[in-house]
Every structure is written in C-alpha cells, then in structure tokens.
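The next block holds one structure in the form of structure tokens; read it before the comments.
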Amino acid sequence: MAGRKQAENTQAGDARLKVGVLLSGGGTNLQALLDACADPSFPAEIVLVLSNNEDAFGLQRATQAGIATAVVNHRGYETRALFEQDIDKALRDAGVEVVCLAGFMRVLTEHFVADWHDRMLNIHPSLLPAYKGLHTHDRALADGVATHGCTVHFVRPALDDGPMVVQAEVPVQPGDDADSLAARVLTREHVIYPLALKLLGEGRVTVQGETTQIDARPGPMRLRWQDVGH
Ligand code: GRF
C-alpha cells in the first residue's frame with residue numbers, strides 16, 4: 001500500500017506521499033491537512049484539491065495555499081461511472097497516491113472504491129462503528145451517550161465502513177445541542193486527519209484482513225480527550 005511505499009521513498013530521499021483531497025464544502029478538514037503539509041518535514045503533500053461543487057470554499061483555501069484545484073461537476077454527467085472516470089483521471093494525472101475524502105457529498109461506486117483500495121481515507125464524525133450515516137450528533141445526543149467522537153478510516157463500498165486508522169473521543173457536555181457538539185468534534189477531526197495521514201506517510205499503517213495495524217499493533221490509534229491539548 002501507499003504508506004509502505006512512502007517509507008521506502010523517504011529512506012531513498014524521494015518525494016513525500018502525494019495526496020488528493022475530494023470535498024464539496026467549506027473544507028475545514030482540508031485546511032487542517034494544508035496546515036500540516038505546510039511543514040516540509042511532514043511526510044505527505046497535497047497535490048490536488050477536487051470538488052464536484054465549483055462554489056466550495058475549500059477550493060479557495062487550496063488556491064490560497066498554492067495548491068492545484070479541479071472541478072468535476074456531477075450534474076454534467078449521465079452516469080456516476082462517467083463522473084468518477086473524470087475524477088479518477090484528474091487524480092492520476094496529478095500523481096495522487098492517496099485520496100482523502102473531506103466532506104465529499106457524493107456516493108462513490110464500488111468500482112471507484114476498489115481502484116483506491118487501502119489508498120482512500122474518509123473522516124466521519126462519530127466513533128465508528130456507532131452512528132454511520134448522517135446526523136451523527138443528533139443521534140448521539142438522543143441516545144444520551146457520554147462520549148462521542150470522530151474516526152478516520154479506509155473507504156470501503158459500504159457507507160462509513162472500513163479499517164479504522166485513528167479515532168478521537170469527545171465528551172458530551174451538559175447543555176450540548178447538535179451544533180455545540182459538532183463544533184467540539186470538529187476540533188478533534190482537525191487533529192486526527194493530519195495524524196492519520198502522517199502515520200500513512202511514515203509507512204506505519206498496514207491493513208491485515210479488515211483491521212489496521214499501526215506499528216504492528218492491531219486496531220486504530222485512539223486519542224482520549226485529555227490526551228490532546230484543548
Ligand atoms: C466533517 O464533519 C466531516 O466529518 C464530514 O464532513 C464534514 C466536512 O467538514 N465527513 P469540512 O468541510 O471539512 O469543514
């Protein structure tokens with residue numbers, strides 16, 4: 001997988017892991033990745049930011065950081081497969097090795113997901129496997145859970161499924177509504193997405209069966225709330 005290849009590259013003094021980001025909206029997670037990659041010692045670099053939405057603010061963030069952008073508008077395609085063909089071409093033309101989904105609001109076909117097997121990450125605002133799908137914060141609050149969080153995982157065809165790389169726990173606090181909880185979770189998303197990419201870029205992540213191994217330890221890295229400054 002790409003992470004391992006990168007470890008070899010780094011030892012050979014070669015390029016950093018080349019990342020393409022797909023998004024549809026504001027791109028605060030993209031910004032966290034851009035900020036991390038701005039450090040030349042970070043083992044990954046973003047080479048393309050692609051959106052299905054030409055108005056996505058994330059595209060402006062990319063341009064501001066001097067990163068190439070592309071728009072592939074799904075409305076211009078008769079089928080999902082044709083839409084994805086153009087996304088795939090743009091990614092490959094840019095030399096992308098790993099794809100990061102960062103609020104990309106289109107469902108991807110099995111074919112596309114298979115083409116990027118163990119080379120495509122997603123961030124999801126829950127402690128998977130709990131609360132797959134939408135409205136995760138409302139559902140966590142309705143259940144009265146004490147601990148919520150977020151997960152970076154490899155993408156599989158099933159929604160919000162796949163080997164998990166990093167998770168962060170986030171406490172639910174008295175008086176929380178979905179917005180306040182989402183905002184707290186987002187602060188951790190901005191920590192774990194760069195962390196997962198760093199682990200991948202350093203060649204420390206492998207997938208055995210459907211479980212990640214980080215430094216040969218099975219299972220995702222899990223950050224507790226008190227582990228990270230806030
Ligand atoms: C985040 O909540 C992420 O977990 C979900 O989409 C949202 C994207 O937010 N996958 P942003 O565009 O990165 O601010």
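Order of listing sets the numbers, starting from 1, for every ligand and every atom in it. Note that the numbering runs from 1 along the sequence shown for the chain.
Electrostatic pairing of R204 and D215 counts as a salt bridge here, judged by a charged N lying under 4.0 Å from a carboxylate O.
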**OP:** Under the side chain to side chain donor-acceptor pair (under 3.5 Å) rule, what do Y131 and D160 come out as? Steps first, then yes or no, please.
**Re:** CA-CA 9 Å; Y131 308 119; D160 300 323; over 6 Å; no
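Annotation: atom 3 (C) of ligand 1 to nearest protein heavy atom, E189 OE1, 3.1 Å. With respect to atom 8 (C) of ligand 1, the closest heavy atom belonging to the protein is G103 CA, 3.8 Å. At the top of the distance list for atom 12 (O) of ligand 1, counting protein heavy atoms only, stands G27 N, 2.8 Å.
Taking any N or O of I123, backbone or side chain, at least one lies under 3.5 Å from an N or O belonging to ligand 1. Not a single N or O atom of L186, backbone or side chain, sits closer than 3.5 Å to an N or O atom of ligand 1. Taking any N or O of N29, backbone or side chain, at least one lies under 3.5 Å from an N or O belonging to ligand 1. Annotation: H124 places no N or O atom under 3.5 Å from an N or O atom of ligand 1; distance criterion only.
Near T28, the atoms of ligand 1 lying under 4.0 angstrom from a non-hydrogen atom of the residue are 11 (P), 12 (O), 13 (O), 14 (O). The G26 neighbourhood of ligand 1 comprises atoms 12 (O), with distances under 4.0 Å to a heavy atom of that residue. Within ligand 1, counting atoms from 1 as listed, the ones closer than 4.0 Å to a heavy atom of P125 are 4 (O).
By the neighbour-count criterion of 12 heavy atoms within 6.0 Å, atom NZ of K89 is sparsely surrounded, having that number or fewer from other residues, nucleotides or ligands.
A side-chain N or O of R184 and one of Q173 form a donor-acceptor pair less than 3.5 Å apart.
Classified by interplanar angle (parallel below 30°, tilted 30° to 60°, perpendicular above 60°), the ring pair F104/F83 is parallel.
We find the CG-CD distance between D88 and E84 to be 8.5 Å, quoted to the nearest 0.5 Å. Here D118 contributes atom CG and T206 contributes atom OG1; the two are 9.5 Å apart, rounded to the nearest 0.5 Å.
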